[in-house]
Amino acid sequence: METRALGDTGQESTVLTFGSIALNWLEQAGANQLVELVLDHGVNHFDVAPTYGDAELKLGPKLRQYREEVFLGCKTQEREYEGAARKIDRSLNRLGIDTIDLYQIHGLEYEEELDTITADGGALDAIREAKDDGKIDHIGLTSHGDPELILDAIDRIDDLETVMFPLNPVVAGKDGDEYDYEAVLERCEAEGIGTLGIKAFAKGSWPPTDELAEADRPYANWYEPVDTPEGIRERFDFAAAQGLDTVVSPGDPKLVAMVLDAASRSEGMDEARQRALIEEARHDDSPVPEQLHH
Amino acid sequence: MDGVPETVTAALADRQVEGQVCLEAGAGVGNTTAGLLAAGAKRVYAVTNDADHAATVRERVGDGNADRLVVIEADLRATPLGTGSVDLVTAHGLCNVLPPADLDAVAAELARVAKPGGRLVVDDYAVPPTDGAVNRLFALENAAARVVDGRPALTFYPVAVLAAVFADHGWTVEHRKTLLDPVPWTEAHLDAHADVVRGYADELPDVIGEPLAAIAADLVSAIGSERTGTMYSLAFRLVDV
């Protein structure tokens with residue numbers, strides 16, 4: 001599988017990162033098998049979080065077995081020192097390892113959170129302290145909703161080394177600053193910050209719960225995913241062609257094998273096809289009156 | 001600027017737009033006009049022969065662009081624009097709705113209004129592959145148009161044909177680019193084409209018009225959506241002939 005430099009971290013990550021939340025839905029034996037399958041495809045970058053149910057615990061055995069082969073990202077939603085320090089130790093314990101390669105401030109949504117995180121006594125103090133103690137190697141950030149906030153975070157966190165954000169043809173086709181992840185990609189490229197793409201396989205929101213109860217959804221994802229080999233290959237190739245360093249696999253284990261296959265066989269995507277996907281998605285939710293042509 | 005399609009952005013990407021006097025020939029809903037204004041055009045003449053489209057363009061991009069946007073309702077074979085007055089002409093998705101008999105006159109008029117050394121961008125569809133299901137809808141649209149107007153509604157020109165027609169009026173191809181491959185004909189696009197058929201059907205006696213409209217509706221639901229064919233962009237420069 002193709003590898004790309006993860007910004008200036010020194011890590012060469014496979015273009016697919018394994019979203020280990022998929023392990024949460026499996027028994028331990030199945031989780032072990034899935035990790036073996038992922039490693040068989042050459043994937044060397046895993047991502048996990050303490051909020052993903054039992055994913056840390058289920059990843060632990062195989063992670064310890066193959067620790068040297070895996071670059072591990074983990075996350076915290078804590079915003080203050082005490083909580084973040086506690087979560088780092090808790091994740092290390094649950095994973096059963098000594099060092100997390102990339103520790104990410106998770107799900108940044110509001111400017112005030114950034115204030116808290118970067119203030120004295122904020123989560124960053126704990127993360128930097130853990131870095132000094134050798135518990136983590138690199139510092140990252142994830143945000144699902146606001147490219148401008150990511151740019152602010154890059155301005156305000158000098159030692160930020162990676163960012164994780166959504167990117168797919170639906171997002172790429174929307175106008176307005178709230179969807180301008182292209183600006184984030186450009187900024188990261190210029191500053192040597194690694195980029196991880198999420199929601200690459202999102203088709204759309206689930207129907208309202210009065211139409212489809214949460215318990216009746218066929219996939220564990222927070223969104224309705226594309227789920228055909230062709231659709232998955234297309235979405236992977238699109239995301240990988242946007243300039244991301246690596247694309248995170250979807251959270252449902254039923255989709256992972258298809259995604260591994262797509263990433264292993266990827267041959268890139270030319271611009272005319274990328275535009276075709278964006279145009280197709282754009283017309284699903286167009287603010288402009290419809291007309292005959294594209 | 002809301003809703004500038006990727007096709008427009010890609011076609012304009014390597015063209016000088018900032019500070020230029022531009023003409024969108026066949027403005028439609030103003031997609032390219034929006035792209036030209038967003039890219040810093042000094043002035044944009046949005047020319048269309050359709051009053052509804054003219055109103056749509058004004059409504060969509062008129063706010064805040066009063067000093068840069070001029071929407072003109074005119075026939076593209078004879079516009080009120082001055083000779084040699086435009087730096088950059090765009091014809092995005094225009095030629096496929098021009099009957100062959102009109103194409104040459106439009107190419108001549110665009111050459112007349114362009115400054116010497118002026119630029120032209122023509123974006124259009126290659127002839128769709130014969131196995132494309134959308135062809136059935138396009139054929140129906142053309143059949144209806146011929147019955148009502150005596151001319152086709154849609155003509156897909158091979159890239160070499162368009163290049164040759166424009167070359168006759170001094171337009172030299174600078175480069176060619178593929179904008180879409182494949183072309184995503186979404187349900188919304190197919191509906192728009194079915195609307196054209198319904199428009200023609202309304203002008204025919206019910207005994208012909210009603211089944212025509214019904215066939216169009218059936219085709220849209222049978223096709224659903226389809227990815228087929230390509231959309232290309234030709235960039236020209238005006239040279240003396």
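In the text below, chain A, chain B and the rest are named by the order of the sequence lines, each starting its count at 1. Model, not experiment: these values are computed from the prediction.
Counting non-hydrogen atoms of neighbouring residues, nucleotides and ligands closer than 6.0 angstrom, the CD atom of B:Glu59 reaches no more than 12 such neighbours. Applying the 6.0 Å contact sphere to CD of A:Glu211 captures more than 12 heavy atoms from other residues, nucleotides or ligands. Counted within 6.0 Å of CG on A:Asp40, heavy atoms from surrounding residues, nucleotides or ligands total more than 12; the atom is thus considered enclosed. Dense packing is recorded around CD of A:Glu191, with more than 12 heavy atoms of other residues, nucleotides or ligands lying under 6.0 Å away. Enclosure of atom CD in B:Glu187 is not indicated, since only 12 or fewer non-hydrogen atoms of other residues, nucleotides or ligands lie within 6.0 angstrom. Atom CD of A:Glu189 has 12 or fewer heavy atoms from other residues, nucleotides or ligands within 6.0 Å.
Nearest heavy atoms, A:Ala276 versus B:Pro184: O-CG, 3.3 Å. For the residue pair B:Val4 and A:Asp175, the shortest heavy atom distance occurs at N-OD2, 4.0 Å.
Contact check for B:Pro182 versus A:Arg273: side-chain heavy atoms found under the 4.5 Å cut-off.
Looking at A:Glu271 and B:Lys177, no side-chain N of the basic residue comes within less than 4.0 Å of a carboxylate O on the acidic one, giving no salt bridge. In summary, A:Glu234 and B:Arg227 engage in a salt bridge, as defined by a charged side-chain N under 4.0 Å from a carboxylate O.
The main-chain N or O of B:Val183 is never found under 3.5 Å from a side-chain atom of A:His294 such that the two would form a donor-acceptor pair. A donor-acceptor contact shorter than 3.5 Å links the side chain of A:Arg275 to the backbone of B:Leu179.
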Residue pair B:His92, A:His293: steps toward the ring-ring contact (aromatic ring centres under 6.0 Å, His included) verdict: CA-CA 9 Å; B:His92 183 83; A:His293 63 71; 5.4 Å; yes

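The most heavy-atom pairs under 4.5 Å with chain A, out of B:Met231, B:His193, B:His53, come from B:His193.
Contacts from residues 235-249 of chain A to chain B, taken as heavy-atom pairs separated by less than 4.5 Å, involve no residues at all. The interface of residues 5-16 of chain B with chain A, defined by heavy-atom distances below 4.5 Å, comprises B:Pro5, B:Glu6, B:Thr7, B:Ala10.
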